[in-house]
Amino acid sequence: MALIDHMKKELSALKPSDILAFNQEISQIPDIIQLTLGEPDFNTPDHVKLAAIGAIQQNNSHYTASAGLPGLRQAASDFLFNKYGTRYDPATQLQMTAGVTEGVYATLTAILNPGDSVIIPTPIFPLYIPITMLNGGEPVFVNTADDGFILDPEKLAAAIEAHQDSVKAIVLNFPTNPTGVTYSRSDLEKIAAVVRGKDIFVISDEIYSELTYTSTHVSMGEILPEQTIVLNGVSKSHAMTGWRIGLVAGPADIMAKIGMVHQFMITSATTNAQVAAEEAFKNGQDDAAPMRRAYIERRDYLVPALQKMGFTVAKPDGAFYVFAKIPDRFGHSSWDFARALAHEARVAVIPGASFGPGGDGYIRISYAASMDQIKTAVQRIAEFMAQHQ
């Protein structure tokens, strides 16, 4: 009964996604420019779509192995090795999931017991927080706003020490949503030095890995393979958000447990979407290149424009987000600022408070939108800022 009461308490504390709720709230404003949700404005590559069409035409519409099609797991394993130098046995160390969202849920459900702690550096995509709570865990936040939005190893060590034996995992997400900041090899090695040899998993969400701008993405799965659970997929790299194909990779023993939770949740991912993802991994290893070039062009237009208006911006090194600090004259409430911007300037952004401690006082702007939309949005924001001098 104590466990049931605990879970009821955790459920009562949860609320629907701030991001989705706010997006719906302001979407009815006429002529509003949406710079909110993190979804590529590109189409899935034609060769990937044709693979899915072929699967449908061939009546490839039955259950697959719960871990995913063998060919898809092999293609995903090859992709991760070719791109990031990580080695995963497709038979025992890879699990295909219904997007990274399901991968996060299956992973945290597999590793957490009630009372366990998960260290979460913030600001961060908030998904990990309610899933930790739903599994009876305690989120432990480490605010990175004063450290360039990179988890400081000394602060990580202090958080582990403060929570002693309850820490089960730390979460990394890079290139990071909402800041676009990414981790260098040196950053990852310093974090690995803190947790190596401890009974702590590193849950490394690397879904934006192919949208790293200035250097090659380094995977935590290469640095600390024995303790790292890597999350990735085709949503951002191949503009396949709606296909819902993600992957989880890690040590074989924990992957067996994650795979078991996955079985209980969805049996297997959609068959024709798996066929499409196999084509993406196998024959579209560089499909993200034109998207990456477009995002860099948009970033290089948007960041100086915002700085000229008085925003302080952490220059993104990947993904497609700008995390901009609101000028002091507007106060500290990101909700108030974002609502005013939506209603007065007809530009929709996400309040930084949605991303945890360190996020209030900022807004997240997604530049997964056309350059024309971004230029119009910049003009409108500039007029709004001038009216509120």
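Note: hydrogens, waters and symmetry copies are ignored here, and every other heavy atom, side chains too, is used.
Residues Pro175 and Val181 are not in side-chain contact: their nearest non-hydrogen atoms beyond the backbone lie 4.5 Å or more apart. Side-chain atoms of Leu35 and Ile350, non-hydrogen and from C-beta on, never get closer than 4.5 Å to each other. The shortest side-chain heavy-atom distance between Arg244 and Ser235 falls under the 4.5 Å cut-off. Residues Pro40 and Phe320 form a side-chain contact, since some pair of their non-hydrogen atoms from C-beta on lies under 4.5 Å apart. For the pair Thr122/Val142, no side-chain contact is recorded, criterion being any heavy-atom separation below 4.5 Å from C-beta on. Inter-residue side-chain proximity for Phe355 and Phe323 is flagged as met; some heavy-atom pair is nearer than 4.5 Å.
A donor-acceptor contact shorter than 3.5 Å links the side chain of Glu206 to the backbone of Met220. No donor-acceptor distance shorter than 3.5 angstrom exists from the side chain of His262 to the backbone of Ile258, with no hydrogens or angles considered. Between the side chain of Arg292 and the main chain of Tyr213, no donor-acceptor pair closer than 3.5 Å is present. Using a distance-only test at 3.5 Å, with no hydrogens or angles considered, a donor-acceptor pair links the side chain of Arg298 to the main chain of Tyr367.
No side-chain donor-acceptor contact under 3.5 Å links Thr271 and Asn60. In the model, Thr36 has a side-chain atom that pairs as donor or acceptor with a side-chain atom of Asn23 under 3.5 Å. When only modelled atom types and interatomic distance are considered, Asp152 and Thr144 share no side-chain donor-acceptor pair under 3.5 Å. Counted by atom type alone, Glu222 and Thr86 present zero donor-acceptor pairs between their side chains at under 3.5 Å. Between the side chains of Asp116 and Ser166, no donor N or O sits under 3.5 Å from an acceptor N or O. A donor-acceptor contact closer than 3.5 angstrom links the side chains of Thr64 and Gln274.
In this structure, Tyr63 stands alone, with no Ile, Leu, Val, Met, Phe, Trp or Tyr side-chain heavy atom under 4.5 Å from its own, directly or through other members.
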Asn173/Thr176 under side-chain hydrogen bond (donor to acceptor under 3.5 Å, both in side chains): CA gap, chis, key distance, verdict
CA-CA 5 Å; Asn173 161 242; Thr176 301; 4.6 Å; no
Under the side chain to side chain contact (heavy atoms under 4.5 Å, CB included) rule, what do Phe281 and Asp78 come out as? Steps first, then yes or no, please.
CA-CA 8 Å; Phe281 281 131; Asp78 293 342; over 6 Å; no
Please report the C-alpha distance between Phe311 and Tyr362 in whole Å, then the side-chain angles of each, then the deciding distance to 0.1 Å, and finally whether the ring pair (Phe, Tyr, Trp, His ring centres under 6.0 Å) criterion is met.
CA-CA 9 Å; Phe311 291 93; Tyr362 290 80; over 10 Å; no
Decide salt bridge (charged side-chain N to carboxylate O under 4.0 Å, His left out) for Asp372 and Lys375; before the verdict, give the C-alpha distance in whole Å, the side-chain angles of both, and the deciding distance to 0.1 Å.
CA-CA 5 Å; Asp372 286 344; Lys375 287 181 176 180; 5.7 Å; no
In sequence, state the C-alpha distance, the side-chain angles, and the governing distance for His47 and Leu50, and then conclude on side chain to side chain contact (heavy atoms under 4.5 Å, CB included).
CA-CA 5 Å; His47 69 103; Leu50 288 172; 5.5 Å; no
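Taking the six-membered ring for Trp and thresholds of 30 and 60 degrees, Tyr84 and His217 have ring planes more than 60 degrees apart, a perpendicular arrangement. Note: Tyr128 and Phe125 have perpendicular aromatic rings, judged against thresholds of 30 and 60 degrees for the angle between ring planes.
For the side chain to side chain donor-acceptor pair (under 3.5 Å) with Asn232, the lone residue among Ser209, Ser237, Ser204 that qualifies is Ser209.
Ring centroid separation for the pair Tyr208 and Tyr295 does not come in under the 6.0 Å cut-off.
In this structure, the side chain to side chain contact (heavy atoms under 4.5 Å, CB included) partners of Glu297, at least two apart in sequence or on a different chain, are Met371.
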